[in-house]
Amino acid sequence: MTTEAPQFSGAALAEYRAILGRYPERRAALLPTLWLAQREFGWLSPPVLEYVAQLMELPLAWVTATASFYTMYWKQPPGRWHLQVCRTLPCALRGAEGIRAAVEERLGIRSGEKTADGRFSLEEVECLASCDTAPVLQVNNTEYHESLTVERTLALIDRLAST
Amino acid sequence: MAERLLLRCRDIPDLRRLDVYVAHGGYEATRKALTTCSPEQLVGIVKTSNLRGRGGAGFPTGLKWSFLPKQTAKPVYLAVNADESEPGTFKDRLIIEQDPHQLLEGIIISAYAIRCHTAYIYIRGEFALGAERFEAAIAEARQAGFLGKNVLGTGFDLDVWVHRGAGAYICGEETGLIESLEGKRGYPRIKPPFPATHGLFGCPTIVNNVETLACVPHIVLRGADWFRAIGPEKSPGPKLFCVSGHVVRPGTYELPMGTPLREIIYDHAGGIPGDRKLKGVIPGGASMPVFTADEIDVPMDMDSVQKAGSFLGSAGIMVMDETVCMVWTALVIARFFHHESCGQCTPCREGTGWLEKVLRRLEYGEGTATAADVDLLLNIAGNMMGTTICALSDAAAMPARAFVTKYRAEFEEHAALGRCPFRPIAEPSRRHAHA
Ligand SMILES: Cc1cc2nc3c(=O)[nH]c(=O)nc-3n(C[C@H](O)[C@H](O)[C@H](O)COP(=O)(O)O)c2cc1C
Ligand code: SF4
Ligand code: FES
């Protein structure tokens with residue numbers, strides 16, 4: 001995080017204006033704008049939320065209430081690699097508890113924590129709609145890693161650690 | 001095996017590309033609907049087909065569309081439900097990622113039928129790839145004149161926008177979805193009024209599931225009678241069944257509505273690994289009551305599953321073999337609902353928490369549970385039903401009650417032993433209090 005007030009890049013501002021055009025009410029653009037802000041600034045810090053409120057001319061309380069409701073908006077800075085291990089029934093039936101335990105052991109952190117060097121953070125999430133390839137984890141809200149075993153999970157961590 | 005329609009992507013490589021899709025008859029349904037049918041005729045065709053919603057509730061689609069006000073100065077919106085968060089369900093993701101134009105055709109035809117000019121597809125935030133692919137499909141279709149102003153020269157205008165969720169199961173509930181589209185927390189609204197009269201931005205709105213809309217082009221091309229003749233007449237059509245858990249071949253299977261559950265598990269999904277015995281099956285996503293091994297000779301259509309005491313729901317079939325502890329299973333499900341309750345209603349907010357707490361005590365409590373906890377679960381579940389804003393509370397209570405009543409001896413054994421008989425050790429290397 002820089003110490004200056006956050007500010008969208010020109011490209012992000014253009015994207016923001018395009019988003020506004022999709023909705024008859026400005027407030028409806030809040031979710032996509034928060035996504036944009038998270039992409040631009042990495043996470044939704046209080047100054048970022050203030051910036052979004054000011055940009056969208058919405059009360060800060062509305063922006064904060066929405067941002068805090070959704071788990072994929074990060075209100076704390078995640079690790080460089082944020083591991084989201086699914087824990088719901090189909091994954092649990094196929095070894096998700098063992099995957100989580102292996103990640104915790106390898107990284108020395110528990111679910112909800114971040115490594116001291118800031119490289120990794122771990123979160124347990126609910127069904128990722130990939131139960132046919134359980135167990136599953138997602139990295140940084142995007143990439144799916146499917147049909148995991150403990151070995152494959154540890155290999156993934158090694159690979160991420162070196163990038 | 002019968003012809004696949006919803007899953008043509010399994011047979012045609014690169015079907016997600018517009019050129020490939022068009023080369024295989026793509027957008028003929030759109031052309032036929034927009035150039036030869038009036039909106040009223042299309043609503044009639046969908047009604048006659050007996051198509052029922054694939055999102056979980058099974059409501060007749062044509063009937064829902066006919067609830068829109070006949071005369072209105074307000075715009076009509078279509079909100080496509082691609083939140084797909086019901087545990088055990090992964091069919092909509094497949095359509096969005098592999099065959100987005102099939103869905104887009106369904107959206108265009110349905111929008112035309114309900115006189116809608118702006119449709120939003122609410123895609124759960126985790127589907128980053130799906131959102132990207134769907135945006136690409138929209139851009140291709142717009143370029144080709146299937147979207148935007150004056151679609152196919154018919155004078156019909158339609159914009160379709162992707163709206164991404166950001167992690168919240170409750171946004172799959174149709175009014176939670178609408179709130180979320182409006183930029184708010186996904187708090188479900190009290191109904192009535194229903195979205196058909198007061199929905200998105202206070203305007204008439206239809207919310208339909210991805211798979212529901214994907215059926216529409218096929219109905220237009222092949223006719224309502226063709227659709228109604230597949231499976232039971234009151235709950236017909238091709239259907240996507242998602243099979244997960246302890247089966248040899250987990251996956252999505254397109255089969256006629258009414259295919260027996262036993263056949264799906266043992267023939268299509270290959271049965272249970274290691275020839276272990278079946279212990280239980282959840283037939284319709286985590287919200288639905290479990291079937292025991294003796295209850296699987298049920299045709300998988302909406303009315304038959306309901307008659308057998310559960311619901312087809314999202315058709316997420318989760319299979320448990322004999323090694324699975326049913327108290328643990330109930331706990332994993334209760335934890336999900338506790339995590340996802342939006343907290344507006346006291347019975348739901350408190351009840352989901354209590355269910356999880358008591359189940360955890362039975363499973364991991366090391367002697368702290370008592371025999372009374374088994375009835376306490378039934379008591380809590382009973383107080384959660386029928387009194388809340390949305391159906392999540394019932395969806396948490398119903399399965400909990402079914403686990404306790406159908407596997408009661410196992411629950412009592414946990415209480416008597418003071419531990420889980422299936423796993424003598426404590427929660428595996430779990431070093432913190434919340435699971
Ligand atoms: C708690 C809850 C979660 C739901 N989640 C979904 C979902 O993820 N996807 C979906 O299509 N419908 C979901 N539904 C059902 C919707 O409210 C709605 O009935 C459905 O989208 C209507 O579309 P259909 O008639 O085409 O099935 C959910 C309902 C509840 C009560
Ligand atoms: S029943 Fe539960 S999820 Fe539904 S509105 Fe009430 S508190 Fe929220
Ligand atoms: S339970 Fe993990 S993806 Fe569905």
Side-chain angles (χ1 to χ4, degrees), chain A residues 19 21-35 38 56 58 62-63 65-73 84 86-94 96-98 100-102 104-105 110-113 124-134 138 140-144 147, chain B residues 75 84-90 92-93 118 120 124-129 159 161 163-169 171 180-187 200-201 242-246 250-252 282 286 316 318-320 324 328-329 332-333 335-336 339-340 342 427-432 434-435:
Chain A
I19 290 168
R22 300 177 195 163
Y23 304 95
E25 291 177 8
R26 184 193 302 269
R27 186 179 188 177
L30 183 51
L31 266 72
T33 306
L34 288 171
W35 275 118
Q38 183 154 296
M56 295 189 70
L58 295 175
W62 289 8
V63 174
T66 294
S68 64
F69 185 77
Y70 299 92
T71 56
M72 297 180 80
Y73 293 139
Q84 297 155 302
C86 178
R87 67 178 188 182
T88 317
L89 185 63
C91 280
L93 287 169
R94 294 179 82 101
E97 288 182 353
R100 175 195 45 76
E104 287 185 344
E105 182 154 335
R110 296 177 299 189
S111 168
E113 294 178 350
E124 283 176 279
V125 298
E126 301 294 353
C127 183
L128 291 165
S130 192
C131 327
D132 51 342
T133 54
Q138 188 169 41
N140 289 359
N141 278 347
T142 49
E143 223 178 283
Y144 277 68
S147 305
Chain B
E84 191 158 64
S85 306
E86 181 67 29
T89 317
F90 37 88
D92 299 338
R93 175 175 168 223
T118 310
Y120 296 97
R124 67 178 288 186
E126 292 83 350
F127 291 176
L129 178 67
D159 284 318
W161 304 115
H163 185 98
R164 292 183 63 205
Y169 168 70
C171 294
S180 185
L181 260 168
E182 292 181 354
K184 304 173 197 162
R185 294 177 156 225
Y187 283 155
L200 187 59
F201 310 121
C242 308
V243 192
S244 65
H246 294 147
T252 308
I282 300 170
M318 292 173 272
V319 178
M320 276 85 66
V324 177
W328 172 84
T329 304
V332 171
I333 290 179
R335 179 180 63 186
F336 170 81
H339 185 258
E340 300 298 338
C342 84
E427 214 165 347
S429 80
R430 164 78 61 182
R431 288 168 301 182
H432 59 305
H434 91 277

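Chain letters run A, B, ... following the sequence lines, proteins first and then strands; every chain starts at 1. The model shown is predicted, which means the values in this text are computed figures rather than measured ones.
- Using a 4.5 Å cut-off on side-chain heavy atoms (C-beta onward), Met72(A) and Glu126(B) make contact.
- Of the atoms belonging to Trp62(A), not a single heavy atom falls under 4.5 Å from chain B.
- Donor-acceptor pairing under 3.5 Å is lacking for the side chains of Thr118(B) and Arg22(A).
- Taking all atoms of both residues into account, the shortest heavy-atom contact from Ser180(B) to Tyr70(A) is OG-OH, 2.9 Å.
- Most heavy-atom pairs under 4.5 Å with chain A, from the set Glu84(B), His339(B), Met318(B), Glu86(B): that is His339(B).
- Note: Phe201(B) CZ to Arg27(A) CZ = 11.0 Å, rounded to the nearest 0.5 Å.
- Top candidate by heavy-atom pairs under 4.5 Å with chain A, chosen from Cys171(B), Gly165(B), Ser85(B), Gly251(B), is Gly165(B).
- Side-chain atoms of Arg164(B) and Pro32(A), non-hydrogen and from C-beta on, never get closer than 4.5 Å to each other.
- Neither the backbone nor the side chain of Leu200(B) comes within contact range of chain A; no heavy atoms are under 4.5 Å apart.
- Interface check for chain A: of the options Ala286(B), Gly316(B), Gly186(B), Ala128(B), the most heavy-atom pairs under 4.5 Å are formed by Gly186(B).
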Enumerate, atom names and distances included, each donor-acceptor pair closer than 3.5 Å involving a side-chain atom of residues 125-134 of chain A, sequence neighbours excluded.
from, atom 1, to, atom 2, distance (Å)
Glu126(A), OE1, Thr88(A), OG1, 2.7
Glu126(A), OE2, Arg87(A), NE, 2.9
Glu126(A), OE2, Arg87(A), NH2, 2.7
Ser130(A), OG, Thr133(A), OG1, 2.8
Ser130(A), OG, Glu146(A), OE1, 3.3
Ser130(A), OG, Arg93(B), NH1, 3.0
Thr133(A), OG1, Ser130(A), O, 3.1
Thr133(A), OG1, Glu146(A), OE1, 2.7

Next item on the list: Quick one: do Phe69(A) and Lys184(B) satisfy side chain to side chain contact (heavy atoms under 4.5 Å, CB included)? Show the steps, please.
Entry: CA-CA 9 Å; Phe69(A) 185 77; Lys184(B) 304 173 197 162; over 6 Å; no
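- Residue Pro250(B) comes nearest to Arg94(A) through the heavy atom pair CG-NH1, 3.8 Å, listed as atom of the first residue, atom of the second, then distance.
- Here the shortest heavy-atom pairing between Tyr23(A) and Leu181(B) reads CE2-O, 4.4 Å.
- Counting heavy atoms from C-beta outward, Pro90(A) and Phe90(B) have side chains that stay 4.5 Å or more apart.
- For a residue to count as touching a neighbouring chain, one of its non-hydrogen atoms must lie under 4.5 Å from one of that chain's; by this rule Leu129(B) does not touch chain A.
- Only the side chain of Tyr120(B) comes within contact range of chain A, with at least one heavy atom under 4.5 Å from a heavy atom of that chain.
- Smallest separation of non-hydrogen atoms from Val332(B) and Leu89(A): CG1-N, 3.6 Å.
- Here Ile19(A) contributes atom CD1 and His163(B) contributes atom NE2; the two are 10.0 Å apart, rounded to the nearest 0.5 Å.
- Contact check for Trp328(B) versus Leu93(A): side-chain heavy atoms found under the 4.5 Å cut-off.
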